[in-house]
Every structure is written in structure tokens, then in C-alpha cells.
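Report on the following structure.
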Amino acid sequence: MDTLEALRLYVAIAETGSFSAAARQVSVSTSTVTVALQQLEEQARVSLITRSTRRLSFTFEGRRFLADARKLLADWDASIAGVQDGPLRGPIRMTATQHFGRTEVAPLIDRFLDLHPAVQIALHLSDGVVDLVEQDIDLALRNGPLADSALKARLMLRGRRVVCAAPSYWASHAAPNHPDDLAAHNCLVHPRPGSTFSSWSFTVEGRPVTVRVAGDRVANDGGVLRQWALDGHGVIMRNDLDIRKELASGALVTALDTFVTSNANLYAVTAGSVSSQRVRTFIDFLAKNLVAD
């Protein structure tokens, strides 16, 4: 069997979760998928996938090899796309934060698929950091600053973190003039595991300062925190890209602007050095259409 074909079948196993589903996706027999895996394991001289009667799982070497296989196929597809014209096709697996993904990304996915109907997009919404290699994700939209890593990032939108609350909350609780004043406020927080408080970062007289904040409401979903703030229940610190409509309308009003200096730029992050043509085209589409207000 051609090695490229074997690699595509191997990636299909990861995408679908089973040999039979991979076979259906690529329109081959299940035995062909089995032969492809055997061929790759013989060439690599290591077990890539372990199977039981109920499930299959990738070994440590298998997960590393999967990431490399995606890169190899992306390089090949990019080379072929450079000399051939034709419709984009195939899957894109991506992740974004809950609120931004629902309100900004999902509508753009609809528009992109209207232009490229042979592409399939799987959107995973999470306010946590998703491991792109472990979860087989092609693209993540993440807010910076980003940690140093081997991931490739492209700036999409410039943003910053803001402290804000509804006008009704500020009317009954004097807006803080200094980060230390937050101790007297009901801060609605996205907690650390096992904790009911959060730490917010500021810059005071040119020095980074961390302030511990807490309140009567805790949620691991940014959309819930945003709604609580809109209802006047307390203060939140959010990326202004997530609440730009509320800020523009005056539904949320910021405070401590001179003390909040960390950027929260939006980046498109990929694990491979070279993404597939469809992923690159989708990133270009997002860059053009995710326009800051």
C-alpha cells in the first residue's frame, strides 16, 4: 500500500474513533484499514494503537506519530494545491471559547461552508486550554499573551482585558479607583480548580501586581459570568473582544482602565508547521471577517 494512503487511513482512525468508521469515511474495507496500520507499525517498529473489544487507544508513540502524520499530509496537500485547482474538501477540527465561539465564530462557519460545501467543520467550545495534539485539533482561537511553545500563532484581532460591571452595580457600589479597592466589591470569578477565588493582574506604578478577588458567584463559563454582570450582580474581568457589543452599548462600563495593561489579543493557533490548504483558507477567511468594532 502507498505510504501516503496508509497515513490518511491512520489519521482517519483518529478522526472517527474506529476502524470501521474510518473505512466508511474513506470508502475502503475495514481490512484495508487494518493492513494500513500494520504496515505503518512494521515500518515504525513500534505499536501505534492498542485495541480491546470495546475501544481503541493511541499509544504515546502513536500520538506523536499522529501529529507527524498530519504535518506530512498537510505538506503534501499544500504542495498539490499549489499546482492544482479544485474545491476544498475534508474536515477541520477547531476550538474556541464558549461565548466568542457561539456569537462570533459559529456564524462565520456557516458563511465559510456556503463557499466550500465539501468541507466539514467540528467546533469544540471550551474556556479551558485544549491540547491540540492530544485532542486532534487543527486550529484553536486563543487569547494572548500566549505561552512559549512549538505551536504556530497568527494574530487575528487586538484586544485587552477590562474590569467592568453594569451601570446599576456601579450606581450602588462606588467604582474602584485602585485595584486594592476590589476587596470591597463582589467579583464574579472563573475559579482555579478547587478554589472559590481568582487572581487578577494589574500594573501599578510600572510594576505587575496580583490582586486576590472573590464574590458570591463562581462559574467556569465566561458566558454565565457575563450574564451575571449584565444583571448587576457584580464585577468581572473579561477580554474586551468577548463583550465588545455590551461595552459599545453601555450595558457594561469599565473601571481601572489605567491599571489593566495586559493584552488579550486573539490568535489562530495551529500545531503543525504547515497546515492543510483548507485550514489555511479558513484562517484567512476568519482574519478577513473577524473585524473589531
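Side chains of Trp200 and Val260 form no contact here, defined as non-hydrogen atoms less than 4.5 Å apart. When side chains are defined from C-beta on, Leu115 counts as touching Phe285, because their heavy atoms get closer than 4.5 Å. Residues Thr270 and Leu132 fail the side-chain proximity criterion, which asks for heavy atoms closer than 4.5 Å. Looking only at side-chain heavy atoms (C-beta outward), Pro179 and Val209 stay at 4.5 Å or farther from each other. With a 4.5 Å cut-off on side-chain heavy atoms, Ile243 and Val162 count as touching. Residues Asp180 and Phe202 are not in side-chain contact: their nearest non-hydrogen atoms beyond the backbone lie 4.5 Å or more apart. Within the 4.5 Å cutoff, the side chain of Leu290 has no heavy atoms near those of the Leu241 side chain. Residues Thr254 and Leu252 form no side-chain contact, since every pair of their non-hydrogen atoms from C-beta on lies 4.5 Å or further apart.
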Arg244 vs Glu104, test: salt bridge (charged side-chain N to carboxylate O under 4.0 Å, His left out). Steps then yes/no. CA-CA 11 Å; Arg244 52 188 178 177; Glu104 304 287 345; 3.1 Å; yes
Could you go step by step and tell me if Thr30 and Ser20 meet the side chain to side chain donor-acceptor pair (under 3.5 Å) rule? CA-CA 5 Å; Thr30 303; Ser20 57; 5.5 Å; no
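The closest donor-acceptor contact from the side chain of Asp231 to the backbone of His233 lies at 3.5 Å or more, if one exists at all. A donor-acceptor contact shorter than 3.5 Å is absent between the side chain of Ser199 and the backbone of Val211. No donor-acceptor distance shorter than 3.5 angstrom exists from the side chain of Gln98 to the backbone of Gly222, with no hydrogens or angles considered. Judged by distance alone, with hydrogens and angles left aside, the side-chain atoms of Asp138 form no donor-acceptor pair with the main-chain N or O of Met94 at under 3.5 Å. Within the 3.5 Å criterion, the main-chain N or O of Pro91 finds a donor-acceptor partner in the side chain of Arg278. Within the 3.5 Å criterion, the main-chain N or O of His99 finds no donor-acceptor partner in the side chain of Thr97. Side-chain atoms of Asp240 never come within 3.5 Å of backbone atoms of Gly159 as a donor-acceptor pair (strictly under, hydrogens ignored). His190 contributes a side-chain N or O that, together with a main-chain N or O of Asn220, makes up a donor-acceptor pair within less than 3.5 Å.
Here the SG atom belonging to Cys164 is positioned 10.5 Å from the CZ atom belonging to Arg226, to the nearest 0.5 angstrom. Going from atom CZ of Arg158 over to atom CG of Leu266 covers 12.0 Å, rounded to the nearest 0.5 Å. If you take CD on Gln39 and CG on Asp2, they are separated by 8.0 Å, rounding to the nearest 0.5 Å. The OH atom of Tyr10 lies 5.0 Å from the CZ atom of Phe58; values are rounded to the nearest 0.5 Å. Rounded to the nearest 0.5 Å, atoms CG (Asp242) and OG1 (Thr103) are 7.5 Å apart. Distance check, rounded to the nearest 0.5 Å: CG of Asp131 to OG1 of Thr95 gives 11.5 Å.
No more than 12 heavy atoms of other residues, nucleotides or ligands sit less than 6.0 Å from atom CZ of Arg64.
Taking each heavy atom of Leu9 and Ala36 in turn, the nearest pair found is CD1-CB, 3.6 Å. Nearest heavy-atom pair across Gly250 and Pro167 is O-CG, 3.3 Å. Across all non-hydrogen atoms, the minimal contact from Leu66 to Ala14 is CD2-CB, 3.6 Å.
Between His116 and Phe282, the distance separating the two ring centers is not shorter than 6.0 angstrom.
The aromatic rings of Trp170 and His185 sit perpendicular to each other, their planes meeting at more than 60°, with 30° as the lower class boundary.
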